[in-house]
Amino acid sequence: MEKDQQYDRFMSLFMSSERAIRSYVRSLLLSNQDVDDLMQNIGLVCWHKFDQFDMAGSAQDFTRWCCVISRFEVLQFRRSRARDRLVLSNEVIELLATHAEQHLEQSEAERRALKICLKKLAEPDRRLLLSTHTIGDSISRIASESNQKVRQLYSKVNIIRNQIGDCVRANLSLGEPSS
Amino acid sequence: MSRSIQSLVRRYQDQQLNDEEVRKLDDLLRTDPDAREIFRQETNLIATIEEIACEQGLDPPVDTATAPPVDQIHGSLSGPFTRWMMATGWLVAVISASLLIATFASPSASTQTETIATIIGVNGPLQWTGNGGQVRSDLTVGMQLPGGTIDGVAPESWFALEFDDGSVVVTSGNSMLAFSDLGQKVLLLKAGKLSADVTPQPDGFPMLIHTRSAILEIVGTSFDIDTDLAATALKVTEGKVRVKRRSDGQLVDVPAQHQVIAAADQDLNVTQIPQVAHHWKSQLQDGPRRTYGRWLPATSDSGPMLHCIPYLTETNQTIYTSSFAVTVADAAPVMTNAQTMIEVEGHLDRATDLYVGMTLKTAKGDFAGRFQVVLPSEEFQSDERFKRTLRIENFTLDPSLSAMKDNLASTSHELIVDSIWFHTLYQQAGLAVTSVELQEQSE
């Protein structure tokens, strides 16, 4: 395959799989910043190994293939951060990675449902939930700015998360949501 | 049971578990498949919310009152480009240069193929992605470029571009700038620092600089911008810049020798630029803002740290680096003098040569060079907390800039400190900086 065609093929596959890969990696790492750091390497390694990918494979095959590569990158990354505390053991990370690889389609369906469910949230709740996951923001900061207790606000965020989780399950039980 | 696992998982992801709770969660996940399923669902939820939060933080559509027609800038500011800016900043850093060819070359994207600007200065790892799909990392002085995006990959990256009308823009450090000129110069500064010296622009077509938090309208002036996720700081040296805050549309004019910060959570006050300072100290306890590296908060037995992170050089070698922005647009410029000394505290997992450097610029904002000190590995021991005081006279020009030395400062005195950086070469040595302070030695 010509290099340009290879670019096209890789680009097309990677862009369509990127969110799934990122979500997979995120499930194995503790912070979004770590994911940002690591995704550089993962993209590069996948590209370098792209000639090993079966070109007849589907987009789902490609996602799975990238996730397997990502697993090793995650483990290597964790070894370089071995001094960090408060993280799960490598054995557990391996188990979680295997579990996540077996449920890639399910995770994708959940993501689609979740986006629909988020739109159904009341605007203040939606804003609060998103704020807690915005870089540079935190529940502590929002609590301080809004003169609320951290524990109280944290409880509220968890209630919203529960609502979202219930909504996702309800959506999925009704069938594949349209995005 | 599932609710208690869910609670543990959430608190783990929110980094609120203590040692014992992490061990408990680890045991549960090791032994219970249901716990692994709950973990998957919860982390998938969090990853998706983070992704949406990231998208929500993006710029709203370009202000149609002041921007050129959408179809004119389509190639540089919409569609695939926007998606790339929001979700794949990481991709940009390393592989997007190659991969994005297909995106930018899509039939729907109008492209700019005529050159509009010339590179007049370049240093450190950089990648340019043209709107038409062309990708270059071998940028050299004199190269002419059409519109596109320049990405500074490392703290020492530096890039100066002169438009055909003589206007000059300079980015430094980890900055990301998209630029186009289809009758009106439109720039998008996603992050980082930009200095500009803009010649008078055509009537009705001021240069527009978009950031996440503001739109700047420039008719002809000199200024510095420093932008991040939440705020844009502008310092005007000459002329006048009109700033529109995105959050509420409020407009202010910033005259020469004045500055403003555009952020949703503070007043849009124009103030005079303060005088130079000769003292600066890192503030890692306040968080990772204006640092490059992996910031870790304080723990019971150590203060906050900034760990080096890897990047690939142009020669495909890995350097581990971290840096601190020193002179920022909302504070007095920090200047060196003959009495300047730098005190560094940190930790090394293993002994290695440690590079400590400063990126310096002139009072006018021109790049003056990178000056560094190399502390040899013999001075360190493995797993050592170290503290070193470095005198300004020991800083010498980075050898990689020797070809440009005639255009750079001959010493590191009397210059503005843009950033202070640290790196180790090729093998991870576990360098973490805990504090850095620039001060004058007493007589």
Is it true that [X] and [Y] have a side-chain N and a carboxylate O under 4.0 angstrom from each other?
X: Arg30(B); Y: Asp26(B); value: yes
X: Arg23(B); Y: Glu20(B); value: no
X: Glu94(A); Y: Arg71(A); value: yes

Chain A contact via Gln41(B) - which portion, at a heavy-atom distance below 4.5 Å: both

Toward chain A, the part of Glu42(B) with a non-hydrogen atom under 4.5 Å: neither

If I measure from the heavy atoms of chain B, does [X] come under 4.5 Å with its side chain, its backbone, both, or neither?
X: Leu129(A); value: both
X: Leu29(A); value: backbone
X: Leu95(A); value: both

Chain A contacts, top residue of Ile46(B), Leu45(B), Asn44(B) (heavy-atom pairs, under 4.5 Å): Asn44(B)

Contacts of Arg350(B) that satisfy salt bridge (Lys or Arg N to Asp or Glu O under 4.0 Å) - sequence neighbours left out: none

With Asp166(A) via salt bridge (Lys or Arg N to Asp or Glu O under 4.0 Å) - residues at least two apart: Arg169(A)

Under-2.5 Å SG separation for cysteines Cys167(A), Cys117(A): yes

Chain B interface, residue from Ile164(A), Val25(A), Asn158(A), Val168(A) that has the most non-hydrogen pairs under 4.5 Å: Asn158(A)

